[in-house]
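Reckoned from all heavy atoms, side chains included, excluding hydrogens, waters and symmetry mates.
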Amino acid sequence: MTAPLLIIAAGGTGGHMFPAQALAEAMLAKGWRVKLSTDARGARYTSGFPDAVEVNVVGSATFARGGIAQKLMVPFRIVAGIGAAKWRMFRDRPNVVVGFGGYPAIPAMAAAWVLRIPRMIHEQNGVLGRVNQLFAKRVDQIACGTWPTALPGQIVGVHTGNPVRAAILEQAGSPYIPPGDYPMSLLVMGGSQGARIMSDVVPPAVAALPEHIRRNIRVSHQARPEDLERVTAYYESELIKAEVQTFFDDVPRRMTDAQLVISRSGASTVADVSVIGRPAIWVPYGGAIRDEQTANARQLVEAGGAEIMTEAEFDVVPLTEKLTALLSDGAGMLKMSQAATACGVPDATERLVALVEDLAQKAKK
């Protein structure tokens, strides 16, 4: 008897591919066959997927890049991709198709809709991306990584959470040491698009802290390559102990050690912080078209597990005032940590697996 088949359709960014990879690994462990449908750009991000996952590269495109000629070719490339995806599904019919967003997900999701194959989408952010918006009314289930997620009309989603890495799960719910008169760690992360504002604002804000707080501060600061030298030099000139790198390969440990995280509110970062359970100051990326990073932060902020500062508010004096208030209130920060932990979904991958298996079972009836 042939093992059941899951087709995963995902775009070529970490935000789409990481939860897709987590589901692929879990379904393989359940005895399923797994195929990944993506485009040439997405295929470059597949090195982390298990070798057992068959990668199918289909034609797709986006209107967001390229010149006029390329944009005119987009519909034709997508139609060709849908045709190829349909042919593959005719030859080896999947039990379920799951889309994780991004333009490369269009061909497989459209083919599954035409062929009436059980299908669902997973949205990482608190606002549906363009492709997931397109399919929201054409799927059997919507899995929501962020809660609440704004959905169109009368559509109801299921809160699954966003899958997190094994290294984050190992630190889930780690005991929190509230701030006090001893070494305190700040973890500063900006993301590739948003690290500049962190490098401009955080170092002088930390330097302006009252001396009884400042002397205990230790900073782990992720900066863009072009900002690395100046940020390092600033911390050194102010005699603030800081590690400044373009990338930390031990973020789970640094997050666990942190008394406070200052970061953009990307969906995966919010998931990591809530699973480990750390107070945070979220600074949503102002350039996001749908303002999804504000939506991503909403649950933690409303639960009392985090504070939020818009880019307009995120300046040296307001940040210094906020840091002073937070780092002077050990009991309040402990409550924030507990509230953040209560928002975490460490079993997000298992919840996704359950939805896939439920769709497959319903289709048999």
Side-chain angles (χ1 to χ4, degrees), residues 6 8 10-11 13-27 29-30 48 96 98-102 105 120-129 132 136 139-151 155-174 191 251-252 255-256 261 263-280 282 284 292-306 308 336-359:
L6 168 67
I8 291 173
T13 68
H16 297 135
M17 298 298 263
F18 179 73
Q21 179 185 329
L23 178 60
E25 291 168 348
M27 296 309 294
K30 289 268 189 177
V96 180
V98 181
F100 284 86
M120 76 176 192
I121 55 175
H122 176 271
E123 174 58 55
Q124 298 85 53
N125 296 294
V127 179
L128 290 177
N132 280 348
V139 295
D140 303 297
Q141 192 65 268
I142 299 178
C144 302
T146 298
W147 199 254
T149 296
L151 299 174
I155 294 174
V156 177
V158 176
H159 182 208
T160 59
N162 283 311
V164 298
R165 294 164 287 169
I168 293 289
L169 284 177
E170 289 170 5
Q171 305 292 344
S174 294
V251 165
M255 195 173 284
T256 302
V261 176
S263 176
R264 293 298 200 188
S265 45
S268 60
T269 304
V270 172
D272 290 350
V273 168
S274 59
V275 166
I276 292 177
R278 293 297 176 262
W282 299 120
E292 61 266 23
Q293 290 205 356
T294 297
N296 294 345
R298 186 170 294 127
Q299 183 191 20
L300 277 169
V301 172
E302 291 179 353
I308 194 168
M336 285 181 72
S337 169
Q338 292 165 342
T341 304
C343 293
V345 188
D347 62 341
T349 301
E350 288 79 4
R351 294 187 185 192
L352 272 178
V353 168
L355 288 181
V356 171
E357 291 181 326
D358 183 57
L359 283 179

Rounded to the nearest 0.5 Å, what separation is found between the CG atom of Leu6 and the CD atom of Glu357?
10.5 Å
Report the residues that fulfil side chain to side chain contact (heavy atoms under 4.5 Å, CB included) with [X], sequence neighbours left out, ordered by chain and then residue number.
X: Glu170; result: none
X: Ser174; result: Gln171, Thr256, Arg278
X: Ala340; result: Leu300
X: Val139; result: Met109, Arg119, Ile121, Phe135, Ile142

Quick one: closest heavy-atom pair of [X] and [Y], and the distance?
X: Val96; Y: Val356; result: CG2-O, 3.7 Å
X: Ala303; Y: Ala339; result: O-CB, 3.4 Å
X: Trp282; Y: Ala306; result: NE1-CB, 3.4 Å

Is there a donor in the side chain of Asn132 and an acceptor in the side chain of Glu123, or the other way round, less than 3.5 Å apart?
yes
Report the residues that fulfil ring-ring contact (aromatic ring centres under 6.0 Å, His included) with His122, sequence neighbours left out, ordered by chain and then residue number.
Phe100
Heavy-atom donor-acceptor pair, [X] side chain to [Y] backbone, under 3.5 Å:
X: Gln21; Y: Gly48; answer: yes
X: Asp140; Y: Met120; answer: no
X: Ser265; Y: Gln293; answer: yes
X: Asn162; Y: Ala271; answer: no

May I ask you to test the [X]-[Y] pair for a side-chain heavy-atom distance under 4.5 Å?
X: Ile276; Y: Met255; answer: yes
X: Leu355; Y: Thr160; answer: yes
X: Thr146; Y: Val270; answer: no
X: Pro284; Y: Ile308; answer: yes

Output all residues satisfying salt bridge (Lys or Arg N to Asp or Glu O under 4.0 Å) with Glu25, sequence neighbours left out; order by chain, then residue number.
none
Return all side-chain donor-acceptor pairs below 3.5 angstrom for residues 342-354, not counting sequence neighbours, or 'none' if the list is empty.
{"unit_1": "Asp347", "atom_1": "OD1", "unit_2": "Arg351", "atom_2": "NE", "d": "3.2"}
{"unit_1": "Arg351", "atom_1": "NH1", "unit_2": "His159", "atom_2": "O", "d": "2.9"}

For Thr294, all residues meeting side-chain hydrogen bond (donor to acceptor under 3.5 Å, both in side chains), sequence neighbours excluded:
Asp291
